[in-house]
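Residue numbers begin at 1 in each chain, while the letters A, B, ... track the order of the sequences. Predicted model, so just to flag it, every value in this text is computed and none were measured.
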Amino acid sequence: MKVPSIRVPVSAGSLLRVAAPSLAAIVAGPLVVALFSGAPGAAIAAFAFGPVSSAGAASAFIEQSALLALCALGAALAFRSGSFNLGGEGQLYAGGLAGVLAALALPSASPAFALATALAAGALGGAALALPSALGKRFAGADVLLSSFLVSQAAVLAIDWLIASPLRDAESNLIATRMVSRAILPDRALFPAGYAPYAALLFAAALALFFARTGEGRAVDLYGGNPTFARSVGLPVGTLALWPLVGAGALHGLAGAFIALGPAGRAVRGMSGGMGWTAIAVSLLAANRPLAILPAALLLGWLDSGARQAAVFAGVPFDAALLVKAFVLLLATARLLPPRARRGVAS
Amino acid sequence: MSWLLSLPGDAVAQGGSIALAALGGLASDAAGVLNTALEGFMSLGAFVFALVAPRAGAFAGNLAAASAACMLAAVIIHAVFKLRADIFVAGLAGNLLVQGGVALLSWRAFGTKGVVALPELLSARLDPGPLAELPVIGTLASQRPSTLVLYVLAALLWLLLAGTPLGLRLRAAGQREEALSLAGVNPSRVRFMAFAISGMAAAIAGASLSAQTGAWVPGSTSGRGWIALVAVYLGRRRPGGAVAASLGFAALFAASNGLQVFDAPPELVLALPYVATALLVLAGKARLPRLRPRDEGPGREG
Amino acid sequence: MALLSAIGVSKYYPSTSTRANDGIDFRVEAGEFVALVGENGAGKSTFARIVAGLEEPDSGELRIKGTLLRRGRPGEAERLGVGFVPQVSSLAPGLSVAENLVLGREPLRFGFLLDLRRAEYEAAMLAERYGFPLDPGATVASLAPAERRSADILRALARGADLLVLDEPTSILTEAEAGKLFDLLDRLREAGKGVILISHRIREVLEVSDRIVVLRKGRVEASLRPDETDERSLAALAANAIPRERARKPPTAPGPTRLEFRAASLGKSGSAAARAVSFELRAGEVLGIAALAGNGLDALEDLAAAEREPEAGEVLVFGGRVKPRERSSLRRERLAYLPTDREGRGLSPRASLVDNALARTLAGGGRKALRGSRAMREAALRQNAWFGLRAEPSRPASTLSGGNRQRLVAARELSGSPDLVIAANPSQGLDASAQADLWSRLSELARAGSAVLLLTSSAEELLAVSTRAAVLYRGRLKLLAEDPARIDVHSVAAAMSGAAS
C-alpha cells in the first residue's frame, strides 16, 4: 500500500512544502470566515485572536493542540510503518469510552491509581480497535486503508448507541455517560490545560528519539518503505506489521481518554469531533516527523479554536474550519518546487 | 415478514446509486487515479441537486451536480498533477472540502445545516398496473424514474469502459503511462477525464439520494461512497463484478432498514454494512491495487 | 540522404553536474544497422532519448531524413519516422497486442465504439508483412519476453517508423531469443529501415551490426566496422579500465556442507518450476548454476534464499530448515543474499542510504541497541566506499541511479564474512569494471571459507567465478564439470538451451 512520503531532507522544497499549506491556512481561515459572516470584521478578529483572547481560551487552545499532537504522533507511527490508518476517529472515541468506564469502575481507588488505570484503559481501547486491521494486514494481507476506516465507522456507530442507550446518564441533559469522580480530573488551577500537553511533549520526544536513534525505529522505516525487502533481509515483519498500527491506536485512545477525562469528565456522544481526521493532516503537514508535529498541531489547533470562537462570537458555522483543513490537507503532501531533472546520467 | 418480500425492490432502489458510483470508482481505478473522494462527490451531488432541482427541474439539477463534480475533480487533480500531492490524501481532502463547504452553503442557502424537506423533488413511482398486487414483483416494478435513470447511466458507463477508445485509453493509463505517451496521447489528460468521470458518476448517484427522499439530508450518503469503493475491489475490478457487489450491499442496506421495524437500535443497524464490509476486507477478500510509489522510479543522480 | 544525421549534440545535467553527451556526431543511412556501445554512464541512453525527441539537447542539431528536428515539439521526432523502443517494454500489459498498436488512433464502429476486429486485422497484416510471428489478440502479459520485444518493435512500425532506436532490447532475453529478434531486425534492414541498437553484449554487437560506435564519457571514442575489431579490443575501447584477468580459482579443499538440496521441487508443473533438484554446497567452493529464463532459476533462488518452502523434498541451510523466526539472526551474519529483483527485495527506496546499507545489522540483535547516528553513518560510508559507491548517506536510496543501487545492495550483502552467499545474477546492470570487482569479491569470499551459490543467466559469468558448474534446464539440474576450466562458453550455452552433450 502506498503511503505519503516519509522523511524529506530539509531543503527549499521541503520548507516551501510546509510553509505553503501553513500560509494557506493562515490566509484562507479568516477569508472563509469573513465570507460567511454578516460581520466580517468581528468574525475575523474572533478567528484570528480568539484562541488567545482570554486565559481560558488559551488553555483550551493549548489542550486541543496537545490532543491533536498525540493523535498525529499515532498517525505518523502508522504511516511510517506503511499502514495508512484511517481509523483514528473510532480509536479516539473507543479510548475515551474505555477510559471513562475504567474510571467509573474504580470509585474507591486512590485518584492517582484510578487516573493511571483510566488512561491505560483508554490506550488499550484505542489499540483494541486498531488490532483487527493489524491482524488483517499481518495474516490476510488486508488493506489497512480500507479496514481501519470501516472498523472505525462501525465502532463510532456502536459507541454512539452505547452512550445514548445503555450507558446513558439519565439525570443529565447531555447524551453522555455518568461523570467520573472529580478527584481524578486535573486541578485546573495547577494544570490549566490539563495533562495532555505533558503527554504530547513526552511522546513527541520519545518517538523522535525512537526514529532517529534506535535500530527498531530504522526497521519501521525500512519496512514501511518496502515490506518485501524487509522480509528478505530478515527484519521481523510479523511484528512490524502489527505493533506500529496498534501503537497508533493506543496513542489515539490515550488522546480520547484525555478528552473524556478533561473538562467534561465523562464520555459525551460525538466527542471525537473529527480530530482523527485533522490528525492525519497534522502528521502529513509535519512530513511524519515527531518533533515537527508539535508546531503543526499548534497551527491546526489554532484553526479549530479560532473557528469555534468565530462560531460563538460571530455566528459563523464551525464548519469553516473544515474547509480550511481541507485546503491544508490538499497541500500537505504537495511538492511545490518544479521537479529536478529526472534523469542524470543514463545509459 | 412483509419487509422481506419488498427486499428485492428496495435493494434495486438503493443499488442504482451505489452501482453508478462504483462504476465511477472503477473508471478512476482503471486509469490509476483511484478516487478516494467518492463519498464527497456523492454528498456534493446530493446537495447541488437539492439546491438547483426545485427551481430548474431534475435535469438541470443533475447537470449542475455533474458540473460541480467536474470542478471539484479539477481542483483535486490539479493538486495531484501540478502540485504533485498524494492522490489518496488529496481525495480525503476533497471529502473534507465537500463536508465543510456543503455545511456552509446549506446554512447560507437554506438557513440551516439540518434537514430541508423538498417534496417537489420526489418523482412519482411508476405504476406497474396489475403487477402492483404481486408480492416481490410489485415493489420491484414500481420504481421511481430517477432510479431507472441511474441504471441507464450505469449501463452507459459500463459500455464506455469496456467498448470505446476512451475506455481503452483509461486502462492503458492505469497499466503503463508510456503506452499512451509514446502513442501521442497525453496520459495526464486521460487520467483527469477518468477522475472527472468518476466524480460525475458519484455526484449523479448522490443526486438520486435527494431525489428519492424528497429532501436535503446532510450525511444522506452515510458511507455509500466508501461502500462503492469497496464494491470495486470485491467485484475484482471488473464492471460486472462491481455492479453485482453494489447490489449485494444494497440488499444489506435494505435488510438493515427492514430490521429497524423490529426496534433494533438504529445505530447498530446502520453499523451493519460497515461490519459486513470490514469482515470481507479483513479476510483479505478486497484489496487495493498496489500503486507505484510516488517517487519516480529511476534515480536522478549518476 | 541519411536517415539520421546528428552534429555536435551535447547535453549537460546540472543536478548531477555530468556532461552526458559532449559533442556527438552520428549518422545512420537507410538500411544500416548501427550499434552504440559503452559503459554505464557513457551517455548511450541519453543520446537515444534525444534522437527519439524525449529529451532536448543543449546544443547541436539533429536532422531526420534531412528535416531539422526543432525544439519544444515532443511528437516531432516520431512524426518524422523515429520509433523508440525503450529498455523496459512500454506496452500496457493488460491490453492485447492489437489494442496496444491502435492506442491513440483507434478504428471506430458506429462513430464511437472501438472496432476491435479491424484493429486485430490491421495488426495481423502488419505482423505478416514483416514476418513477425505474433497473435494480435494475445494479451501482452501472456507473451514471452522475446515476443513482447517484437510487439514493441511492431508498435513502432505501426506508427510509421523508418529509424528504430532500440535501448538494450536483449538485456532480458536469452541468447536464443535474442537471435530470433535479430532475424526480425535483419528483415527490417532489408526493407530499408535504419536501426540504432544500444547493447552491453559485445559479442552480439559484433555479430549483427554494420557499424559500431563506441561512446565514452559522452564522446564518440571510435566508429568501426565489425571486421576491423574483435571482442577484446572493443571491450577495451568501451571500458574505462582494461578488463581484468579471469578471477583466480579458489582452492577446492571441500569444507563442511552449508547448503543442501534434497530432491527439492517448487512451482507449478510449467517450465518455470524447479523439479527434484539435489546438490550439496560446501564451504570454500563456488557452485555456479546457469539457466535461461523460464527454466526454474527463480524458483531455485527462492528456495536457496529460504524465501519460500519447497513443495516437495527438502532444503537444508546449515543443516536445517530455516524457520521464519530464525531468519533475522541468519541474515545478520551468516547468510548473504543478493537477489535478482534488486528493487523489490534489495532496497527500501524511501529510507536513507545508511539505513539500507545497515539493514542486515538491524535485522539481528543490533536492532535493540541504541545506536549513535554518527557511528551508523560512518559504518555505512565505509561499506559503500569499499564498493566504489560515493553518495551522501542521508539521501533516500530512491535518488540513486540504477547502477549505484546495484552497488549499494552488493556492498551490503558481500561485506563481512558470511558463511553462505546466494548471489543471483550478481552482475546484472553493472558496467565492466564493477562486474570485475564483483566477480573477484565472490572468489575472495570463497577463498576465505564462504560457500557461494551463483545463479546466473550468463554463461560467461558462470565460467568466470564458479569452481563447480551446472545448468538448470526445464527445472532439472545437470552438473557440467567439477573443473570449469575445461569447458568453454559455447558448450555451456548449448547445455543451457538443452542441447545434448
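With a 4.5 Å cut-off on non-hydrogen atoms, A/A164 touches chain B through its side chain but not through its backbone. Of the atoms belonging to A/F139, not a single heavy atom falls under 4.5 Å from chain B. Contact of A/L86 with chain B is made through the side chain alone, with heavy-atom distances under 4.5 Å.
Aromatic ring orientation, B/F47 versus B/F110: perpendicular (interplanar angle above 60°, classes split at 30° and 60°).
For residues 93-108 of chain B, no residue pair satisfies the salt bridge (charged side-chain N to carboxylate O under 4.0 Å, His left out) rule, not counting sequence neighbours.
For the side-chain hydrogen bond (donor to acceptor under 3.5 Å, both in side chains) test, residues two or more places apart in sequence or in another chain that qualify with A/D304 are A/K325.
Residue with the most contacts toward chain A among B/L97, B/L104, B/L96, B/L268: B/L104 (heavy-atom pairs, distance under 4.5 Å).
The number of heavy-atom neighbours closer than 6.0 Å to CZ of A/F327, taken from other residues, nucleotides and ligands shown, is 12 or below.
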